[in-house]
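Heads up, the thing below is written out as structure tokens.
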Amino acid sequence: MTLGRSVFDGSAEVVARALIGAEMTVDGVGGRIVETEAYDLGDPASHSFRGPTKRNAVMFGPVGRAYVYRIYGLHWCLNVVCDAGARGSAVLIRALEPTVGIETMVERRGLAGVRSLCSGPGKLAQALNITVDLNGVDLTAAPFAFRSGNAADIIVGPRIGITKGVATPWRFGLRGSPYLSRPFPK
DNA sequence: GTTCCGATGTACT
DNA sequence: GTACATCGGAACG
């Protein structure tokens, strides 16, 4: 069934766990969320840590919006804004198991295989055609759609690509999924 | 399998 | 000027 706004109304860690196994689509293209990361205000790895800026303003706005930013000058990353009170919390969507619109995603990515279509934040943004145009957009309405799914077993580990806050294990994944951006450390 | 590296926009020191 | 929540390709083993 369709997920309502309440799924985003919790701490970053709680929402990051809750989204594992759910299905996310943009204009009917997407898949099952298999990997997320949590970021919040008290976290030196978070864009919100130093307070509001032009880039991160959406993180300080209403719950259930998309926060999209450019990374390394060429890729886009999608976050969902969460936490009651909207205090700079967000969940980075890192990987999907492609389920719908696979042909469209193959075209956008220029790839043959399904395995690496959405196995990373920049990859899934390209596959789902996510750009800054969607920054600040309500996730509970078109073109977004979130549907509930089940995650049998969630694995936890350190977040990827950060240099601060490395001790906070806020990366979550669907255990055993072949569609993760990288394996979790043992 | 591994490591190295270039591409390149934006925020911040 | 430097850092950055990345990716894909080249070189190597």
Side-chain angles (χ1 to χ4, degrees), chain A residues 8 11-20 24 26 31 33-61 65-83 86-98 105-137 139 154-174 177-186:
Chain A
F8 305 116
S11 72
E13 182 181 3
V14 165
V15 173
R17 287 177 175 276
L19 288 178
I20 299 293
M24 180 184 78
V26 178
I33 297 170
V34 297
E35 184 180 337
T36 59
E37 284 179 1
Y39 292 88
D40 77 12
L41 194 58
D43 168 16
S46 174
H47 289 174
S48 61
F49 184 65
R50 296 174 186 279
T53 66
K54 186 173 182 182
R55 178 177 66 164
N56 69 19
V58 174
M59 288 184 78
F60 293 89
R65 302 283 183 92
Y67 167 45
V68 181
Y69 67 92
R70 204 194 268 281
I71 183 66
Y72 294 112
L74 52 164
H75 306 294
W76 299 102
C77 289
L78 171 69
N79 294 250
V80 306
V81 175
C82 58
D83 205 346
R87 289 285 177 269
S89 298
V91 171
L92 172 66
I93 309 297
R94 285 194 56 89
L96 303 180
E97 173 184 339
M105 291 190 276
V106 166
E107 272 180 40
R108 288 172 179 163
R109 295 269 297 123
L111 292 178
V114 171
R115 283 278 294 265
S116 58
L117 279 184
C118 300
S119 59
K123 297 177 187 179
L124 79 87
Q126 184 184 18
L128 274 60
N129 202 26
I130 293 165
T131 70
V132 71
D133 288 349
L134 293 177
N135 190 40
V137 166
L139 296 167
I154 293 175
I155 187 168
V156 181
R159 292 173 291 180
I160 291 178
I162 58 172
T163 57
K164 301 168 201 154
V166 292
T168 305
W170 275 358
R171 179 184 177 218
F172 305 95
L174 182 63
S177 172
Y179 301 98
L180 299 173
S181 64
R182 299 174 31 177
F184 278 72
K186 184 166 176 235

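What's counted below: heavy atoms across the whole structure, side chains too, no hydrogens, waters or symmetry copies. Letters A, B, ... mirror the listed sequences (proteins, then strands); counts begin at 1.
Under 3.5 Å, the side chains of A/Arg108 and A/Gln126 contain no donor-acceptor pair of N or O atoms.
Atom CG of A/Asn135 is separated from atom P of C/dA5 by 16 Å (rounded to the nearest Å). As a whole-Å value, the separation of A/Glu37 CD from C/dC4 C1' is 14 Å. Between A/Ile160 atom CD1 and C/dC4 atom P there is a gap of 16 Å when expressed in whole angstrom units. In this entry the distance linking CD1 of A/Ile162 with C1' of C/dC4 reads 12 Å, nearest Å. Between the OH atom of A/Tyr69 and the P atom of C/dA3 there is a distance of 18 Å, rounded to whole Å. Atom CD of A/Glu35 is separated from atom P of C/dA5 by 15 Å (rounded to the nearest Å). The separation between A/Lys123 atom NZ and C/dA5 atom P is 18 Å, rounded to whole Å.
Taking side-chain N and O atoms only, A/Thr163 has a distance below 4.0 Å to OP1 or OP2 of C/dC4.
Side-chain atoms of A/Asn129 and A/Val26, non-hydrogen and from C-beta on, never get closer than 4.5 Å to each other. In this structure, A/Ile160 and A/Glu37 have side chains that are in contact, with non-hydrogen atoms separated by less than 4.5 Å. Using a 4.5 Å heavy-atom threshold, the side chains of A/Trp170 and A/Asp43 count as touching.
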Problem - Letter per nucleotide, 5' to 3', of nucleotides 7-13 of chain B [B base touched, S only sugar-phosphate touched, - untouched; heavy atoms, 4.0 Å] - result: BBB-SSS

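Straight-line distance between the P atoms of C/dA5 and B/dT13: roughly 14 Å, to the nearest whole Å.
Which of C/dG8, C/dC4, C/dA5 sits closest to the side chain of A/Tyr39 comes down to C/dA5.
Stem list for DNA chain B (at least 3 consecutive Watson-Crick or G-U pairs, distances under 3.5 Å): B:1-7 with C:6-12, B:9-12 with C:1-4.
Applying a 4.0 Å cut-off to non-hydrogen atoms, none of the residues of residues 178-186 of chain A approaches DNA chain C.
Where A/Gly161 and A/Arg109 each meet DNA chain C at their nearest nucleotide, the meeting point lying more 5' is that of A/Gly161.
Formation of a donor-acceptor pair under 3.5 Å by the A/Arg159 side chain with backbone atoms of A/Gly165 is found in this model.
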